[in-house]
Amino acid sequence: MAAYGLYTHIQSNKRRSVALLIGLFLLVYVLVYAGALVAEAFSIPDAPIDTLMRAAVYDFVKAAPFATIGAIVWILIAYKFHQAMIDMVTGAHPVTRTEEPRLYNLLENLCISRGITMPTLRIADDEALNAFATGMNDKQYSITVTRGLTEALNDQEIEAVLGHELTHIRNGDVRMMVIAMVIAGVLGFFGELVFRIFFQNMLWGGGRRSRDSERGGGGAGVAIVIAIALIALVWILSIVIRFALSRQREYLADSGSVELTKNPDAMISALRKIEGRGEIPGANSA
């Protein structure tokens with residue numbers, strides 16, 4: 001269904017995001033199959049490729065429940081501890097109205113104007129110009145602002161940035177992106193696991209056996225090539241999906257900020273000042 005106004009765009013974006021998130025999760029199973037294919041290639045290097053692929057399917061069926069449980073446990077850990085991990089990386093800490101009256105009042109006024117539950121306000125003592133929202137529910141939602149941002153922007157521009165982050169919370173973007181990053185972490189874990197299986201077998205002489213099997217008509221070499229191709233495909237698709245999840249959400253958050261503040265000029269000015277100066281040392285944009 002076509003989207004015409006801001007709210008229909010938000011709803012349409014949510015539906016697409018759910019589909020992309022499911023696709024991201026399914027990539028975990030592609031990696032599990034790639035790992036099974038590598039393991040079978042080194043276990044029975046003289047077998048033809050079709051035998052190896054059938055054996056890998058059998059291994060995949062056995063491993064899939066464990067992969068699912070592992071991914072769910074990973075998500076639950078992130079649900080509980082992601083804020084603590086982000087604070088550790090960025091050096092952010094919660095602040096009160098007494099400590100940051102200017103920033104606190106701006107955020108509180110925006111929340112009151114739309115009946116939004118006030119998220120926890122955090123400050124990261126860094127010169128970068130950055131702000132981001134985190135959390136999975138009303139009790140966890142938090143907005144972190146760097147010290148550099150508070151010093152470089154005026155009140156109207158800071159209000160626009162806070163409105164942008166509040167819109168991410170209102171639209172469910174924060175929850176969606178936290179889950180997406182967690183699943184990306186799962187993909188990274190399984191990808192590394194497959195490569196470890198591959199290199200360990202190479203060190204134990206698997207590389208020589210694989211070359212010998214290729215000369216003898218075995219399918220191990222082909223199976224390894226297919227597995228590496230699958231891993232590369234998963235890596236590329238995971239990046240594409242994450243970009244697809246975040247790009248449209250940023251545009252909608254800018255629009256939502258303008259709707260909240262009624263000040264498009266402040267949003268434009270803030271974006272111009274922030275551009276190219278938002279990277280926090282030791283913590284990349286993801």
Side-chain angles (χ1 to χ4, degrees), residues 1-25 75 78-79 82-83 86 90 92 103-104 106-122 129-146 149 153 156-185 238-268 270-271 274-275 278 285-286:
M1 184 171 61
Y4 299 100
L6 177 60
Y7 292 104
T8 53
H9 272 290
I10 291 170
Q11 294 302 318
S12 176
N13 192 52
K14 284 182 178 179
R15 289 191 293 270
R16 286 197 302 269
S17 296
V18 169
L20 288 170
L21 209 56
I22 292 171
L24 192 61
F25 192 84
I75 291 171
Y79 178 88
H82 77 276
Q83 186 64 61
I86 292 170
T90 62
L103 203 58
Y104 196 99
L106 288 171
L107 180 58
E108 186 179 55
N109 289 339
L110 284 172
C111 292
I112 291 172
S113 70
R114 287 295 185 273
I116 305 169
T117 302
M118 174 87 170
T120 302
L121 180 63
R122 283 177 158 81
L129 307 189
N130 207 328
F132 53 89
T134 51
M136 300 283 278
N137 54 51
D138 285 341
K139 293 182 179 179
Q140 290 186 340
Y141 287 140
S142 176
I143 291 179
T144 302
V145 180
T146 60
L149 191 81
L153 273 58
Q156 290 75 29
E157 291 163 344
I158 290 176
E159 186 180 52
V161 172
L162 293 174
H164 176 102
E165 302 306 333
L166 274 176
T167 302
H168 276 313
I169 291 174
R170 292 174 70 197
N171 292 352
D173 298 346
V174 180
R175 186 187 306 111
M176 190 74 69
M177 291 309 297
V178 167
I179 294 173
M181 290 304 119
V182 171
I183 296 175
S238 67
I239 293 174
V240 170
I241 289 173
R242 277 182 284 166
F243 273 119
L245 280 169
S246 62
R247 182 182 176 186
Q248 187 66 20
R249 290 176 178 277
E250 292 303 317
Y251 294 145
L252 290 172
D254 289 340
S255 300
S257 176
V258 171
E259 185 204 23
L260 276 171
T261 64
K262 305 294 188 279
N263 192 345
D265 292 336
M267 184 79 260
I268 293 168
L271 289 172
I274 292 169
E275 186 177 10
S285 58

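Just so we're clear, the structure is a prediction, and the values are computed from it rather than from any experiment. Numbers here are sequence positions counted from 1.
- Closest approach of E165 to A133, counting heavy atoms only: OE1-N, 3.2 Å.
- When the side-chain hydrogen bond (donor to acceptor under 3.5 Å, both in side chains) test is applied to T144, no partner is found at least two apart in sequence or on another chain.
- Residues T117 and I169 fail the side-chain proximity criterion, which asks for heavy atoms closer than 4.5 Å.
- In terms of heavy-atom proximity, N171 sits nearest to L252 at ND2-CB, 4.4 Å.
- Contact record, L121 with V145: CD1-CG2, 4.5 Å, taken as the closest heavy-atom pair.
- Summarising the geometry, atom CD1 belonging to I112 is positioned 5.5 Å from atom CG belonging to N109; distances are rounded to the nearest 0.5 Å.
- Separation of atoms CG (L260) and OG (S113) is listed at 6.0 Å; rounding is to 0.5 Å.
- Considering only residues two or more places apart in sequence or on other chains, N263 meets the side-chain contact (heavy atoms from CB on, under 4.5 Å) condition with Q156, T261, D265, A266.
- To the nearest 0.5 Å, atoms OH (Y141) and OG1 (T120) are separated by 12.5 Å.
- A side chain to side chain contact (heavy atoms under 4.5 Å, CB included) with L107 is found for one member of I158, L162, I116 and no other, namely L162.
- Atom CG in L166 sits 4.0 Å away from atom CD1 in I143 (nearest 0.5 Å).
- Scanning all heavy atoms of the two residues, the minimum distance from E108 to M118 falls at CA-SD, 3.7 Å.
- The side-chain contact (heavy atoms from CB on, under 4.5 Å) check on A270 picks up L153, E157, V161, with sequence neighbours excluded.
- Scanning all heavy atoms of the two residues, the minimum distance from L110 to E159 falls at CD1-O, 3.5 Å.
- Heavy atoms only, all atoms of each residue included: I274 and L129 are closest at CG2-O, 3.4 Å.
- Rounding to the nearest 0.5 Å places OG1 of T167 at 8.5 Å from CG of D254.
- K262 pairs by the side-chain contact (heavy atoms from CB on, under 4.5 Å) definition with R114, E259, not counting sequence neighbours.
- Remark: side-chain polar atoms of S257 are paired, donor with acceptor, to backbone N or O of A160 under 3.5 angstrom.
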